[in-house]
Amino acid sequence: MQRSMNPENPRTPLNPRNLFNLLWTASPPLTVAGLLMLAALVVSVIGLAVDPRIITGAPAWLKPAKFAVSTAIYMLTLAWVLTFLPDWLRTRRVIGWLTAVVLTLEVAIIDAQAWRGVTSHFNVGTTLDGALFSIMGAAIVIQTLSSIAAAIALWRQTFQDRAFGWALSLGMTMTIVGASTGGLMTSPTAAQLEQARATGRIAVVGAHTVGAPDGGPGLPGTQWSVEHGDLRVAHFLGLHALQLLPVVALVLSRRRWADAVRVRLVLTAAASHVSLFAILLWQALRGQALVNPDAATLAALALWATLTAAAVWVVTRRRAAIPGQALVLS
């Protein structure tokens with residue numbers, strides 16, 4: 001039997017055309033906006049190729065490219081998630097429109113600032129820059145509220161496949177927590193406050209980097225600091241729980257294990273994800289680069305890996321095989 005993620009017709013093959021129709025039915029605005037972000041990515045890649053300017057230590061069009069990819073993944077994933085809420089039509093409509101408009105506005109501002117040759121985040125150097133950054137902040141608050149509405153709907157939805165239901169509900173909740181770490185980046189640093197006291201004005205409020213100004217040496221592609229703490233590492237991991245946990249549940253659904261076993265494995269994966277997120281956030285807040293962990297961080301990572309492996313071993317040792325096919329997702 002061919003599998004599909006369409007809750008209304010589980011026998012429909014999930015080819016690209018059917019996937020587009022599925023996403024379109026769930027949320028036309030999210031589908032259009034997600035595809036628009038892919039077009040924005042193409043523009044950003046062209047910018048990377050032809051524009052030599054550097055903004056805060058990185059190519060001018062690198063941040064627009066990263067945000068185009070991130071928002072495309074999130075919006076298309078969210079449209080897919082909404083297919084599992086067939087009875088929440090009004091909620092789906094509100095979430096879809098709010099998310100599509102807010103994230104499209106966010107990327108548009110980031111692209112406009114890159115075109116102007118200035119940074120988009122934390123930039124309050126001029127009235128225009130400050131206004132744009134404030135708009136981005138207000139937009140993210142709205143986006144967070146819409147994500148919370150989606151999480152509430154998922155927690156209240158009944159799923160035939162309980163493991164998959166846990167994965168979606170926990171994934172959305174953990175993504176909201178991961179996104180909230182962005183608030184840690186908007187607090188002015190000690191150096192910025194000192195500059196404000198000395199000069200009477202402040203041009204930058206907040207930073208990704210802990211222990212140094214933004215713009216230092218970073219990892220290729222991400223520009224995560226290789227010399228100091230970087231809050232974007234944990235932020236990234238938390239944001240993508242919405243993709244990681246459902247993938248785990250989908251993989252487990254192909255195994256002939258009892259539903260209770262798959263639920264425990266999903267819960268184990270969620271606990272492991274949260275633990276790693278907490279370790280990486282703790283590491284960054286101590287001003288420590290991802291690639292240069294100290295003994296305490298290494299010990300925490302070793303404990304995390306050991307406990308995760310032990311939990312998986314215990315759960316799978318107690319598995320009870322069930323006959324027939326894996327359950328079809330509801």
Side-chain angles (χ1 to χ4, degrees), residues 16 20 23 27 29-80 96 98-126 128-140 142-143 175 178-179 181-182 185-186 204 206-209 213-226 230-233 235-240 242-243 290:
F20 174 82
L23 298 181
S27 179
L30 280 175
T31 305
V32 171
L35 296 176
L36 180 63
M37 290 303 101
L38 296 179
L41 173 62
V42 173
V43 173
S44 297
V45 170
I46 294 173
L48 285 169
V50 302
D51 190 343
R53 293 178 299 168
I54 300 296
I55 301 175
T56 319
W61 291 95
L62 180 60
K63 178 173 284 189
K66 291 193 296 182
F67 270 80
V69 171
S70 179
T71 53
I73 291 173
Y74 178 76
M75 287 194 283
L76 296 177
T77 300
L78 182 59
W80 171 70
L98 280 178
T99 303
V101 170
V102 163
L103 292 185
T104 299
L105 175 63
E106 189 91 356
V107 172
I109 291 174
I110 291 169
D111 286 5
Q113 292 292 73
W115 178 73
R116 294 179 62 224
V118 298
T119 187
S120 52
H121 288 73
F122 321 125
N123 184 0
V124 294
T126 68
L128 175 60
D129 293 327
L132 290 176
F133 184 49
S134 296
I135 291 172
M136 293 172 68
I140 290 303
I142 296 172
Q143 164 58 27
T175 290
T181 58
M185 305 177 193
T186 60
V204 179
H208 303 123
T209 310
D214 286 341
L219 292 173
T222 64
Q223 287 301 116
W224 294 341
S225 178
V226 296
D230 198 314
L231 295 168
R232 291 174 294 184
V233 180
H235 185 67
F236 174 87
L237 183 67
L239 281 176
H240 290 287
L242 186 58
Q243 289 82 36
L290 173 68

Participant: Do the side chains of Gln223 and Asp214 get nearer than 4.5 Å, heavy atoms only?
Facilitator: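 Not in contact.
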Participant: Who pairs with Thr186 by side-chain contact (heavy atoms from CB on, under 4.5 Å), at least two apart in sequence or on another chain?
Facilitator: Phe122, Phe133
Participant: Could you check whether any side-chain N or O of Asp230 sits under 3.5 Å from a backbone N or O of Ser225, counting only pairs where one atom can act as donor and the other as acceptor?
Facilitator: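 A pair under 3.5 Å: yes.
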Participant: Counting N and O atoms only, with roles assigned by atom type, does the side chain of Thr31 sit under 3.5 Å from a partner on the main chain of Leu23, one being a donor and the other an acceptor?
Facilitator: yes
Participant: Do Asp129 and Gln113 pair up side chain to side chain, a donor and an acceptor below 3.5 Å, judged on atom types alone?
Facilitator: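 Present: a donor and an acceptor within the cut-off.
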Participant: Considering non-hydrogen atoms only, spot the tightest contact between Ile109 and Met136 and give its length.
Facilitator: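 Smallest interatomic distance, heavy atoms only, reads CG2-SD, 3.5 Å.
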Participant: When you compare the side chain of Val124 with that of Val204, does any pair of heavy atoms fall below 4.5 Å?
Facilitator: no
Participant: Kindly give the heavy-atom pair with the smallest separation between Leu239 and Gln243, and that separation in Å.
Facilitator: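 Closest pair (atom of Leu239, atom of Gln243, distance): O-OE1, 4.1 Å.
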Participant: Quick check: closest heavy atoms across Thr119 and Asn123, and the distance to 0.1 Å?
Facilitator: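 For Thr119 and Asn123, the tightest heavy-atom pair comes out as O-ND2, 3.0 Å.
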Participant: Do His208 and Leu231 touch side chain to side chain, with heavy atoms closer than 4.5 Å?
Facilitator: no
Participant: Residues two or more places apart in sequence or in another chain: which of them pass ring pair (Phe, Tyr, Trp, His ring centres under 6.0 Å) with Phe67?
Facilitator: His121
Participant: Out of curiosity, Ile140 CD1 to Ile135 CD1, how far, rounded to the nearest 0.5 Å?
Facilitator: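 Taking CD1 in Ile140 and CD1 in Ile135, the distance rounds to 12.5 Å.
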Participant: Could you measure the distance from the CD1 atom of Ile73 to the CG atom of Leu242? Nearest 0.5 Å is fine.
Facilitator: 11.0 Å
Participant: I need the single residue from Leu98, Thr99, Leu105, Val101 that forms a side chain to side chain contact (heavy atoms under 4.5 Å, CB included) with Ile142. Which is it?
Facilitator: Leu98
Participant: Please list, one pair per line, the donor and acceptor atoms closer than 3.5 Å that link side chains of residues 36-56 to other protein atoms, with sequence neighbours excluded.
Facilitator:
from	atom 1	to	atom 2	distance (Å)
Ser44	OG	Ala40	O	3.1
Asp51	OD1	Arg53	N	3.1
Asp51	OD1	Arg53	NE	3.1
Asp51	OD2	Arg53	NE	3.0
Asp51	OD2	Arg53	NH2	2.7
Asp51	OD2	Trp61	NE1	3.0
Arg53	NH1	Trp115	O	3.3
Arg53	NH2	Ala114	O	3.0
Arg53	NH2	Trp115	O	3.4

Participant: Kindly compute the distance separating CG (Leu237) from CZ (Arg232), expressed to the nearest 0.5 Å.
Facilitator: 15.0 Å
Participant: Ignoring hydrogens, what is the shortest heavy-atom contact between Pro29 and Ala100? Give both atom names and the distance.
Facilitator: O-CB, 3.5 Å
Participant: Looking only at heavy atoms, what is the nearest atom pair of Ala139 and Glu106, with distance?
Facilitator: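 Scanning both residues, the minimum pair turns out to be CB-OE1, 4.0 Å.
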Participant: Atom OH in Tyr74, atom CG in Leu30: separation rounded to 0.5 Å?
Facilitator: 8.5 Å
Participant: Ignoring hydrogens, what is the shortest heavy-atom contact between Lys63 and Ser120? Give both atom names and the distance.
Facilitator: CD-OG, 3.6 Å
